[in-house]
Amino acid sequence: GQQLNQSPQSMFIQEGEDVSMNCTSSSIFNTWLWYKQEPGEGPVLLIALYKAGELTSNGRLTAQFGITRKDSFLNISASIPSDVGIYFCAGRDQGAQKLVFGQGTRLTINP
Amino acid sequence: DGGITQSPKYLFRKEGQNVTLSCEQNLNHDAMYWYRQDPGQGLRLIYYSQIVNDFQKGDIAEGYSVSREKKESFPLTVTSAQKNPTAFYLCASSIRWTDYGYTFGSGTRLTVV
């Protein structure tokens, strides 16, 4: 099945730093989603994007639907310890019905 | 409170045995899904059900089976035919098949010993 290319695979940052991660696809997507998974739990939806160029915020999190419709970005500002976890992008291309997930970005924060 | 309950949280299985993972939701969602998660990989779709009494194979269905006899329940059986069953299994649901606001359970970690 199709997979998304998510980067970086892992990040080690200091508390208070900003974080950026992205996701790319080989095909055009019409929906992009960002999820967060904490250890031993299921993913939780953070932000959903439905239009090219759309920029949406959820607190300190901001995500964008790329203009080319083949990528999406997630930024976290002023990171705090509870931001630790694995962040997944997910999306659906025009020809498919199923949601496809990226490999995840593991975020570790040093206090 | 509404949600998805997966049980058990941890499961150990001997090689050659079948095992069934439970997934129950009280959200009145039509669609339900089973994903497998391995370290360093994204979530891979095993089976999905758009509506009760219907289910479809996902990307990695070999060695797995499901049933959807009740709207609330979508159990997954990992059979002895699954070559590498040790993984973290996640169940999810959504209001409709076309709705991407999936609600996930807390997962079941299956280990073959």
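Letters A, B, ... mirror the listed sequences (proteins, then strands); counts begin at 1.
Note: A:Leu45 CG to B:Ser94 OG = 11.5 Å, rounded to the nearest 0.5 Å. Annotation: the span from B:Asp38 atom CG to A:Gln103 atom CD amounts to 12.5 Å, rounded to 0.5 Å.
Placement of A:Phe88 and B:Ile60 in two distinct hydrophobic clusters is found when ILVMFWY residues are connected by side-chain heavy-atom separations under 4.5 Å, directly or transitively. Under the 4.5 Å side-chain heavy-atom criterion for ILVMFWY residues, a single connected hydrophobic cluster contains both B:Tyr64 and B:Val19. Hydrophobic cluster membership is shared by B:Phe55 and B:Ile46, with clusters built from Ile, Leu, Val, Met, Phe, Trp and Tyr side chains linked at under 4.5 angstrom.
Of all heavy-atom pairs spanning A:Pro43 and B:Leu43, the tightest one is CG-CD1, 4.0 Å.
In the displayed structure, A:Gln9 atom CD is contacted under 6.0 Å by at most 12 heavy atoms of other residues, nucleotides or ligands. A:Arg106 CZ: 12 or fewer foreign heavy atoms inside a 6.0 Å radius. Within 6.0 Å of NZ on B:Lys9 lie more than 12 heavy atoms contributed by other residues, nucleotides or ligands. Under a cut-off of 6.0 angstrom, the local environment of CD in B:Glu15 is sparse, with at most 12 non-hydrogen atoms contributed by other residues, nucleotides or ligands.
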Query raised in the report: For A:Gln37 and B:Phe88, what are the C-alpha separation, side-chain angles and deciding distance, and is it a side-chain contact (heavy atoms from CB on, under 4.5 Å)?
Result: CA-CA 13 Å; A:Gln37 183 180 29; B:Phe88 190 51; 3.7 Å; yes
Query raised in the report: What's the verdict on ring-ring contact (aromatic ring centres under 6.0 Å, His included) for B:Tyr102 and A:Tyr35, showing C-alpha distance, side-chain angles and the deciding distance?
Result: CA-CA 10 Å; B:Tyr102 291 9; A:Tyr35 287 83; 7.0 Å; no
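Taking the ring centroids of B:Tyr35 and A:Phe101, they lie under the 6.0 Å cut-off.
With a 4.5 angstrom heavy-atom cutoff, B:Gln37 touches chain A only via side-chain atoms. Contact annotation for A:Leu99: both backbone and side-chain heavy atoms come within less than 4.5 Å of a heavy atom of chain B.
Chosen from A:Gly40, A:Gly104, A:Ala48, A:Ser10, the residue pairing most often with chain B at heavy-atom distances under 4.5 Å is A:Gly40.
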